[in-house]
Amino acid sequence: MGGVVDTASIIQGYARGYFLMADEGGRLDWYSSKNRALIPLDRRFRYPKSLKRVLNQNRFSVAINRDFAGVCAGCADRSLTWISPELMQIYQQLHQAGWAYSFETWQGDQLAGGILGLAIRGVFIGESMFYKIPDGSKVAMVKLVEHLRERDFCLFDAQMQNPHLARFGAYTISEKEYHTLLEGALLKHCHFV
């Protein structure tokens, strides 16, 4: 893919199925995955029964971009992170250009959790998620799926599978299948906000 140059080239890289990550030394590069993880936007989406109680209690409110920098910092705040300072600057640049978003949960005036991602036409590419208050990121996931459905998005790319995402029905597909779905999603004209 070459080096990161400007917003247009970054979006073009994501639209071709690549994503940015920093290695342990902080060097930024493009990556892809032979088994791409997707969050279903149809009836296959699920979540633990215990989360239904939390949702019914309305303990969290939801916001978009109320604290984009805070969500970026929360996502990067872990012992092993692939979100380098350079990548944080790129997310901020993409956010200012209208491509990157934070989907957040709040408890009063406290940021509870959130999901960082890019919206390109009919695809939402989830970059990372975090929580400060238990269930904050889980509620964000449920509410984000509802939001994407309402906005007629057809693809929620989670990039790489993990046990946490599997609890929501996340599944993997081949790189070839992913590119077919991505091409279709890029033909749509969805608006995240």
Side-chain angles (χ1 to χ4, degrees), residues 1 4-21 28 30-33 36-42 44-45 61-76 82-83 87-106 111 113-131 136-161 165 168-171 173 177-193:
M1 285 296 299
V4 176
V5 181
D6 58 24
T7 299
S9 66
I10 294 166
I11 294 304
Q12 188 176 47
Y14 276 94
R16 289 182 178 165
Y18 295 94
F19 50 90
L20 287 168
M21 288 177 64
L28 200 59
W30 289 104
Y31 293 86
S32 187
S33 176
R36 200 65 165 238
L38 302 180
I39 305 290
L41 294 175
D42 56 19
R44 293 173 293 175
F45 180 75
S61 61
V62 173
I64 296 172
N65 295 339
R66 182 172 163 188
D67 187 0
F68 183 84
V71 171
C72 285
C75 289
W82 48 267
I83 301 177
L87 188 50
M88 293 254 296
Q89 289 178 341
I90 289 170
Y91 288 147
Q92 190 64 45
Q93 178 184 332
L94 293 173
H95 171 62
Q96 290 170 351
W99 296 103
Y101 297 92
S102 58
F103 195 88
E104 310 154 0
T105 50
W106 289 80
L111 179 61
I115 299 171
L116 171 67
L118 281 69
I120 306 172
R121 294 185 171 253
V123 60
F124 182 84
I125 303 162
E127 290 285 278
S128 188
M129 62 193 301
F130 86 105
Y131 70 92
S137 63
K138 294 175 188 170
V139 170
M141 176 68 80
V142 173
K143 295 297 185 180
L144 175 56
V145 166
E146 290 174 3
H147 180 78
L148 294 173
R149 287 171 173 166
E150 288 168 7
R151 296 286 178 153
D152 206 27
F153 279 74
C154 60
L155 190 60
F156 185 167
D157 177 6
Q159 298 174 348
M160 292 183 277
Q161 179 72 296
L165 295 178
F168 292 93
Y171 61 99
I173 59 172
E177 289 174 292
Y178 172 73
H179 281 282
T180 300
L181 291 175
L182 180 61
E183 285 173 20
L186 293 174
L187 294 174
K188 298 194 80 170
H189 294 278
C190 302
H191 300 282
F192 192 77
V193 290

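Here, residue 1 is the first one in the sequence, and each next residue gets the next number. What you see below is based on every heavy atom in this structure, not just the backbone, and it leaves out hydrogens, waters and symmetry mates.
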Can you tell me how the ring of F192 sits relative to the ring of F103, calling it parallel under 30°, perpendicular over 60° and tilted otherwise?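 The arrangement is perpendicular - the two ring planes meet at more than 60°.
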
Just how far is it from atom [atom1] of [X] to atom [atom2] of [Y], taken to the nearest 0.5 Å?
| X | Y | atom1 | atom2 | result |
| --- | --- | --- | --- | --- |
| L148 | K143 | CG | NZ | 13.5 Å |
| D157 | L38 | CG | CG | 6.0 Å |
| E146 | L144 | CD | CG | 9.5 Å |
| S102 | L111 | OG | CG | 8.0 Å |
| L41 | F156 | CG | CZ | 7.5 Å |
| L28 | I83 | CG | CD1 | 11.0 Å |

With sequence neighbours left out, the residues meeting salt bridge (Lys or Arg N to Asp or Glu O under 4.0 Å) with R44 are D42

Salt bridge (charged side-chain N to carboxylate O under 4.0 Å, His left out) pairs, two or more places apart, involving residues 64-75: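 For residues 64-75, and leaving out neighbouring residues, the salt bridge (charged side-chain N to carboxylate O under 4.0 Å, His left out) pairs sorted by first residue read R66-D109.
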
All pairs passing salt bridge (charged side-chain N to carboxylate O under 4.0 Å, His left out) where residues 179-193 contributes a residue, at least two apart: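 Qualifying pairs: D152-K188.
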
Looking only at heavy atoms, which two atoms of [X] and [Y] are closest? And how far apart?
| X | Y | answer |
| --- | --- | --- |
| S128 | W82 | CB-CZ2, 3.9 Å |
| Q159 | I125 | NE2-CG2, 3.3 Å |
| G122 | C190 | CA-SG, 3.8 Å |
| P40 | V145 | O-CG1, 4.2 Å |

Quick one: does any side-chain atom of T105 pair with a main-chain N or O of G113 as donor and acceptor, under 3.5 Å?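 Flag set: sc T105 to bb G113 pair under 3.5 Å.
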
I'd like to know if the side chain of N65 reaches the main chain of Y101, judged simply by a donor and an acceptor atom lying under 3.5 Å from each other, with no hydrogens or angles considered.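 No; zero donor-acceptor contacts below 3.5 Å.
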
Under the rule for side chain to side chain donor-acceptor pair (under 3.5 Å), what residues qualify as partners of [X], not counting sequence neighbours?
| X | result |
| --- | --- |
| W106 | E104 |
| H191 | none |
| E177 | S174 |

State which residues pass side chain to side chain contact (heavy atoms under 4.5 Å, CB included) with [X]; sequence neighbours excluded, sorted by chain then number.
| X | result |
| --- | --- |
| A185 | V123, C154, L155 |
| Y131 | S137 |
| S32 | Y18, R36, E175 |
| L165 | I39, M129, M141, A158, Q161, N162, A170 |

Candidate pair T7 and Q93, rule side chain to side chain donor-acceptor pair (under 3.5 Å), full reasoning: CA-CA 7 Å; T7 299; Q93 178 184 332; 2.7 Å; yes

Quick one: list whatever passes ring-ring contact (aromatic ring centres under 6.0 Å, His included) with H95, sequence neighbours left out.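 So H95 forms a ring-ring contact (aromatic ring centres under 6.0 Å, His included) with F68.
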
Please enumerate all residues that pass ring-ring contact (aromatic ring centres under 6.0 Å, His included) together with Y91, with sequence neighbours excluded.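 Residues passing ring-ring contact (aromatic ring centres under 6.0 Å, His included) with Y91: none at all.
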
Let's go through Y31 and L20 carefully: what are the C-alpha distance in whole Å and the side-chain angles of both, what is the deciding distance for side chain to side chain contact (heavy atoms under 4.5 Å, CB included) to 0.1 Å, and is it a yes or a no? CA-CA 6 Å; Y31 293 86; L20 287 168; over 6 Å; no

Tell me whether the centres of the aromatic rings in W30 and Y14 are closer together than 6.0 Å. yes

Please tell me whether H147 and F153 form a close aromatic pair, meaning their ring centres lie under 6.0 Å apart.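 Judged by ring-centre distance (under 6.0 Å), H147 and F153 do not meet the cut-off.
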
